[in-house]
Amino acid sequence: MDELVRKNIRDLKAYSCARNEFSGKQASVFIDANENPYNYPYNRYPDPLQQELKALIAPLKDVKPSQIFLGNGSDEAIDLLFRIFCEPKQDNVVAICPTYGMYEVCADINDVEYRPVLLDEAYQMNADKLLSACDAHTKVIFLCSPNNPSGNNLDRKEIEKVLESFKGVVVVDEAYSDFSTQKPFRLELDKYPRLVVLNTFSKAWGCAAIRLGMAFANEDVIYYFNKVKYPYNVNLLTQQKAIEVLTNDQQKMHQRINMILDERQTVMEAFSQLPICQKVYPSDANFFLAKVDDANLTYNYLVDKGIIVRNRNSVALCNGCLRITVGTKEENTQLLSALRQFH
Ligand SMILES: *Cc1c(COP(=O)(O)O)cnc(C)c1O
């Protein structure tokens with residue numbers, strides 16, 4: 001792992017928080033961090049390593065607390081991967097295409113070459129094709145399963161082949177895995193030392209507003225995440241809210257997932273019956289991709305009706321496609337009845 005990491009990051013002397021330097025003994029007087037003594041609990045810096053929160057996430061996700069990084073959305077973890085592993089103007093990353101837009105944005109921000117490799121017509125990945133896009137400067141491969149915007153799981157055998165063959169870091173973004181029946185790759189951390197799995201509170205947990213993303217990886221990867229991140233990257237309000245939902249709302253979360261999955265089937269079937277619909281692609285997520293006669297026209301018609309879907313018309317392999325998130329029963333009915341009136 002040390003050899004994969006950028007030299008400046010390997011040699012970096014990380015910022016040391018006041019409260020990091022003290023540990024062990026019980027203490028009651030905290031006059032070490034120039035905080036205000038009033039206005040508890042907001043006067044205190046939050047736990048930089050979010051230990052209470054990680055202790056709740058670990059058994060739920062079947063990983064060790066030491067295999068968890070928490071960030072300001074998964075987007076923070078994505079950005080950190082570039083900052084840790086990729087030398088600007090020199091290294092590159094390889095990713096499936098089409099996929100989640102943030103991998104490329106973060107590559108551009110960090111001045112790292114981004115190499116997209118087209119999926120096939122069924123949005124499936126060929127491991128050999130992906131691997132042949134790699135060279136000695138490829139540090140990270142980005143996979144996303146279930147994939148966004150296509151909604152399908154990538155073929156497990158192909159992911160395994162990438163994990164077995166590639167000598168750099170393989171990211172499997174499982175933001176939508178709670179909506180899928182496929183076995184999550186975070187359970188394979190022991191088998192694959194350079195695997196990083198991304199999860200988020202933004203989708204299944206219904207907590208996009210609190211900005212909490214998770215990365216699961218082996219300790220030597222987590223070490224570098226912690227070394228490079230902002231010291232207090234997850235604020236107290238977010239930590240408290242996440243602890244609250246993990247403690248109280250697990251059942252509610254599962255009920256909501258089931259409602260969304262039921263609705264997904266209903267909406268996809270109804271959508272496929274619409275005169276404008278050419279194809280509904282299979283989905284393992286809380287959204288689906290559909291090909292329609294004229295995506296731009298349909299999109300604009302829906303906007304006029306106050307209904308916003310995602311127009312993916314200009315995305316590679318998604319010509320004529322709209323990406324539709326499964327909403328409440330009422331929202332889905334509004335979408336379908338608007339489209340039934342559309343000629
Ligand atoms: C929505 C989404 C995320 C979530 O990002 P956050 O920053 O955690 O909100 C991550 N990956 C993919 C592929 C997504 O679609």
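Atom set for the values below is all heavy atoms of this structure, side chains included, hydrogens, waters and symmetry mates excluded. Numbering of ligands and ligand atoms starts at 1, following listing order.
The pair E76-K229 does not meet the salt-bridge criterion, since no charged nitrogen lies less than 4.0 angstrom from a carboxylate oxygen. Between E244 and K241, at least one side-chain nitrogen of the basic residue sits less than 4.0 Å from a carboxylate oxygen of the acidic one, meeting the salt-bridge criterion.
Heavy atoms of E76 found under 4.0 angstrom from ligand 1: none, in either backbone or side chain. Under 4.0 angstrom from ligand 1, the non-hydrogen atoms of D75 come from both its backbone and its side chain. Residue contacts with ligand 1, taken as heavy atom pairs separated by less than 4.0 Å, involve Y176 solely via side-chain atoms from C-beta onward. Both the backbone and the side chain of S74 come within contact range of ligand 1, each with a heavy atom under 4.0 Å. Neither the backbone nor the side chain of M102 has any atom closer than 4.0 Å to an atom of ligand 1 (non-hydrogen atoms only).
Partner of F216 under the side chain to side chain contact (heavy atoms under 4.5 Å, CB included) criterion, out of I57, I222, L198, L187: I57 alone. Evaluated for a side chain to side chain contact (heavy atoms under 4.5 Å, CB included) with L143, the options L130, V94, D173 yield exactly one hit, L130. Checking each of F288, F271, Y123 against Y281 for a ring pair (Phe, Tyr, Trp, His ring centres under 6.0 Å) leaves exactly one that passes, namely Y123.
Checked by distance only, ligand 1 and D173 come closer than 3.5 Å through their nitrogen or oxygen atoms. Looking at S202 next to ligand 1, an N or O pair under 3.5 Å apart turns up.
The distance between the ring centers of Y100 and Y103 falls below 6.0 angstrom.
Taking the ring centre of F287 as origin, the terminal cationic atom of R310 falls outside the region bounded by 6.0 Å and 45° from the ring axis.
The closest approach between any non-hydrogen atom of A208 and ligand 1 is not below 4.0 Å.
When only non-hydrogen protein atoms are considered, atom 1 (C) of ligand 1 lies nearest to K203 NZ, 1.2 Å.
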